[in-house]
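One structure below.
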Amino acid sequence: MKYDFNKIEKKWQDYWENNNCYKTDTNLDKPKLYVLDMFPYPSGEGIHVGHLKGYVATDIYSRYKRLKGFNVLHPMGWDAFGLPAENYAIKHGIHPKITTKKNIDNIKRQMMDAGLSYDWDREINTTDKDYYKWTQWIFVKLFENGLAYKKMLPINWCPSCKTGLANEEVVDGKCERCGTLTTKKDIDQWVLKITDYAEQLLDGLDDIDWPDKIKEMQKNWIGKSEGFEFDFKIEDKLVSVFTTRIDTLFGCTYLVLSPEHPLVDEINFENKDEVSGYIEKAKNKSERERIAEVKDKTGVELKGIKAINPINGKEVPVFIADYVLSNYGTGAIMAVPAHDERDYDFAKKYNLEITEVVKDDILINSSQFNGLTSEKAKEEIGKHLGATKKINYKLRDWLFSRQRYWGEPIPIINCSKCGPVVETNLPLELPEVEKYEPTGTGDSPLAGIESWVNVTCPKCGGNAKRETNTMPQWAGSCWYYFRYLDNKNDDSFVGKELEEKWLPVDLYVGGAEHAVLHLLYARFWHKFLFNIGYASTKEPFYKLRNIGLVLAYDGQKMSKSKGNVVSPDEVIKNYGADTLRIYEMFMGPFEQAIQWNEQGLKGVNRFLNKLWGIEVKEESSPEVVIYVDKMINRIENELEKMKFNTPIAFLMEFIDFVSRHDLGKKEMEKILIVFSVFAPHFSEELWERLGNKESILKQQWPNVNLVEDEEFSLMIQVNGKLRDKDVFNSNISKEELIEEVKKREKIKKWIDDKEIEDIVYVPKRLINIVLCAE
RNA sequence: GCCGAGGUGGCGGAAUUGGCAGACGCGUAUGCCUUAGGAGCAUAUGCCCUUGUGGUGUGAGGGUUCGACUCCCUCCCUCGGCACCA
């Protein structure tokens, strides 16, 4: 007996849409719950079953919470600026706006086909001028607060995308998008001072419920280290070094400067040619080569000069080596080969002195500091030298300009007299352009539109030029969760009251790949908006959960190029949306990566058909009444923990149970309300067939009556091994029970004539008779 | 190397947080039904043996406990992230 999912699903999707069933009134006087998916980039391929897995999970959670009486905000939108649409435009000459629109329509249809309960009135699109007006507005605020500045600096450059990239976008020396090896290039760039927020970004992690993995990744990325900064003397010059291990200063046997260190030009040494040769070579090394050479360190000594160790006046040789980075700390280090692996490798290679100064955490060979613990010695030596306490971060400022077309124009006018001046007339619209092709020169295609570029300076009225770089992909997603609250507001990026009522996002679900990209950037912008009074919470996303990948049938990641992508369209066509939804949840814990398996899909479909064909009587048998309430209670506990696989297993067990008992209308209705969060179309239909006029969405999560069981099943162990079990009446006393158990043939046999040492009794669960050891 | 997550049948995974290991699903086997089955239904299904009131079993080894997949120690392996950040 199969159900006609095609017909049913269409029927109810139309019903929900026509009756505005998923509209959220943000002003209702009910507890609020903001459940958010990471919004997708509207790609031409549409979404695959992997994306849908996350959307289904939040959909189930939202539906469950609505039934529990929460006012749930569950919106969706489009992160639509980005390279694929632009590359498509370059190839085919079709404006990204057009392809983007087409892709959005398609994905939106896919989402509706899957029965996702989004409030589409709140839909946003980062490429709408009414949206990016506010992205630009926030940029202006950053600029006005000194957090956006322009600087000529060597940046990561992707020769294929012909644009600069942020540190976070370079993975393994390669462009995060296209995999091309990046190079360095000097370009005048807009940079956001995320480093000013390093400490706040670190602190905030303590207050949010995020996976440890993501928190740790952000911590490592920010990379805080506390230490001291102080000077070594070389001739009449001072060289500042940073160290976290000032306690090992007596073990410093040489000094290393980075190849870019300015001091190299200021001091005289013998082997000038050799040194400049080395520096030149180091400069030309690609990111790749540097990474590959980690094991084999190179360097060159500055012959004829020495540095003086300030703690003991000892003369040590000075090296230039590219294992010391110019953009971290002071670009110079004291090398302690005995206590630093990198220094050790280098010292071994160049045959340098290695002096041990800490043993078992106690200082040795360190003159008056001998005998101190490392911890204490740091303090004492620091004080003795008058060294400055210093905190360094690995985090770098965020490179914010891109030399591409399809992004938010940076609302700045460059005036030769006044410098950068803010464009006040927002939105600054992205103009039409003839050629989308990036120029490769560091200008974006916008630079070619003279009428747009040449303007008068709003300050002095002189000739000025617009900024032609655009913002990166990540800009629009840094604040979109505000906009859903108030997406039609023309006066403000969000209404104050709504913002205060609805933030933070209670549950945020998406992939882990955004750990140090979107999730870090968005926290930065949010904290900035908090600091200038536009946000009322310190963090944007209170609870974060990551979806595990849906791997293809072959165990590999789904990708278009491998041809192993499963589209929800074909699954829905063959099995229906409810089967797809349930299968995606039943696969396993949703935070885990699991392989797609068509057989599993069939199993779920079989289950739905069984439930469809179940016979509903007038009255349930008493054990069914108890069973149903117990099960609903268990399902509720699992949903609270965001476990979606086990509730489905419970429902499958239930089918087996009622095949031996009578299921009445009342219990079936309870089950359907619960089941509607997983399979909304299916449940609406059966709900209606039971004679209900009002949509199942309007119902409440069933109240359950949990009764004490009259009987319980007891495990009987002897010496911790299960030897027997039986069912007893709940009223039985411990003493009676023990007497009863001892009399049992099976147990007597094991006790034999041995002496009983102890009897462990766990009420209503187990009895363990412990015998004396022989 | 460092950080994080994990290791349970042929496979995906359960286990009320220290109390019946393997729920549920897939697969497989046998049977029923069928003109037919890549449909449906029923039963069985961790491994071992001498088939029992048996032994053994959650990556390996040790420990705590009446009792350990669960807690502690040592080690191995897999996946994800970072990687010369002093």
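Labels below follow one simple rule: chain letters A, B, ... track the order of the sequence lines, proteins then strands, and each chain is numbered from 1.
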A:Pro589, nearest nucleotide to its side chain (from B:rG13, B:rC66, B:rA23): B:rG13
Residue A:Val770, side-chain atoms from C-beta onward, closest of B:rA15, B:rC66, B:rC24: B:rC66
Secondary structure string for RNA chain B (Watson-Crick or G-U under 3.5 angstrom, | for other-strand pairs): (((((((..(((......[....)))((((((.......))))))((((..).)))..(((((..]....))))))))))))....
Nucleotide of B:rU16, B:rC24, B:rG4 approaching A:Met652 most closely (side-chain heavy atoms): B:rC24
Donor-acceptor pair between A:Thr195 and A:Asp397 side chains, under 3.5 angstrom: yes
Aromatic centroids of A:Phe346 and A:Phe319 separated by under 6.0 Å: yes
Touch class at under 4.0 angstrom, heavy-atom based, for A:Val324 against every strand present: base
P-based separation of B:rU65 from B:rG12 [nearest Å]: 36 Å
Which nucleotide in B:rG19, B:rC20, B:rC3 has an atom nearest any side-chain atom of A:Glu216: B:rC3
Short side-chain donor-acceptor distance under 3.5 Å, A:Trp221 and A:Glu168: yes
Nucleotide of B:rC3, B:rC20, B:rA15 approaching A:Thr646 most closely (side-chain heavy atoms): B:rA15
Side chain A:Gln218, main chain A:Ala515, donor-acceptor under 3.5 Å: yes
Stepwise side-chain contact (heavy atoms from CB on, under 4.5 Å) check, A:His261 with A:Val324: CA-CA 10 Å; A:His261 202 285; A:Val324 173; over 6 Å; no
Rounded distance in Å between the C1' positions of B:rG38 and B:rC26: 15 Å
Where the chi angle of B:rU17 falls, syn if within 90° of 0 and anti if not: syn
Exercise: do A:Asp247 and A:Ser374 side chains pair donor with acceptor under 3.5 Å: yes
Atom-to-atom span, CZ of A:Phe586 to P of B:rC24 - whole angstrom: 10 Å
Separation of the C1' atoms in B:rC24 and B:rU45, to the nearest angstrom: 15 Å
Which nucleotide in B:rC24, B:rG13, B:rC84 has an atom nearest any side-chain atom of A:Gln592: B:rG13
For atom CD of A:Glu513 and atom P of B:rG4, their distance in whole Å: 21 Å
Between C1' of B:rA15 and CZ of A:Phe650, the distance in whole Å: 10 Å
Between B:rC32 and B:rU70 - C1' atom distance, rounded Å: 43 Å
d(CG, A:Leu325; C1', B:rC82) in whole Å: 14 Å
Below 4.0 Å: OP1/OP2 of B:rU56 and any side-chain N or O of A:Lys721: yes
Among B:rA86, B:rA14, B:rG19, the one nearest A:Lys643 by side-chain distance: B:rA14
Under 4.0 angstrom between A:Tyr323 side-chain N/O and B:rA86 OP1 or OP2: no
base_contact_polar (B:rC66 base, A:Asn768 side chain, donor-acceptor, <3.5 Å): yes
Distance-only polar pair, side chains of A:Glu653 and A:Tyr627, donor-acceptor under 3.5 Å: no
Residue A:Ile594, side-chain heavy atoms: nucleotide from B:rA86, B:rG13, B:rC26 that is nearest: B:rG13
Phosphate-side-chain proximity, A:Gln717 and B:rG67, N/O vs OP1/OP2 below 4.0 Å: no
Value in whole Å for how far the P atom of B:rA5 lies from CD1 of A:Ile214: 12 Å
C1' atoms of B:rU78 and B:rG31, separation to the nearest Å: 42 Å
Short side-chain N/O contact from A:Arg606 to OP1 or OP2 of B:rC41, under 4.0 Å: no
Candidate nucleotides B:rG55, B:rC84, B:rA86, ranked by approach to the side chain of A:Arg723 - the nearest: B:rG55
Flag for A:Asp343-A:Tyr323: side-chain donor and acceptor within less than 3.5 Å: yes
A:Tyr254 ring center within less than 6.0 Å of A:Tyr350 ring center: no
Polar side chain donor-acceptor pair, A:Ser258 to A:Tyr328, under 3.5 angstrom: no
Nucleotide B:rG80, atom P - distance to CE of A:Met217 in whole Å: 12 Å
Aromatic plane relationship, A:His518 with A:Phe541 - under 30° parallel, 30 to 60° tilted, over 60° perpendicular: tilted
Touch class at under 4.0 angstrom, heavy-atom based, for A:Asn645 against every strand present: sugar-phosphate
Side-chain-base donor-acceptor pair under 3.5 Å for A:Lys297 and B:rC84: yes
Along RNA chain B (nearest heavy atom to each residue), the more 5'-positioned of A:Asn597 and A:Asp212: A:Asp212
Touch class at under 4.0 angstrom, heavy-atom based, for A:Gly603 against every strand present: sugar-phosphate
Length of the line joining A:Leu766:CG and B:rU65:P, which is rounded to integer Å: 18 Å
Euclidean distance for C1', B:rC20 against B:rC69 (whole angstrom): 14 Å
Which nucleotide in B:rC3, B:rA15, B:rG4 has an atom nearest any side-chain atom of A:Lys213: B:rG4
A:Leu722 CG to B:rG55 P, straight-line distance once rounded to whole Å: 11 Å
Closest-nucleotide ordering on RNA chain B, the 5'-leading residue of A:Asn719 and A:Thr243: A:Asn719
Residue-phosphate contact under 4.0 Å: A:Asn637 side-chain N/O, B:rU16 OP1/OP2: no
For B:rG9, glycosidic torsion class - syn if within 90° of 0, otherwise anti: syn
Between B:rG57 and B:rG22 - P atom distance, rounded Å: 15 Å
Integer angstrom distance from the C1' of B:rU53 to that of B:rG62: 33 Å
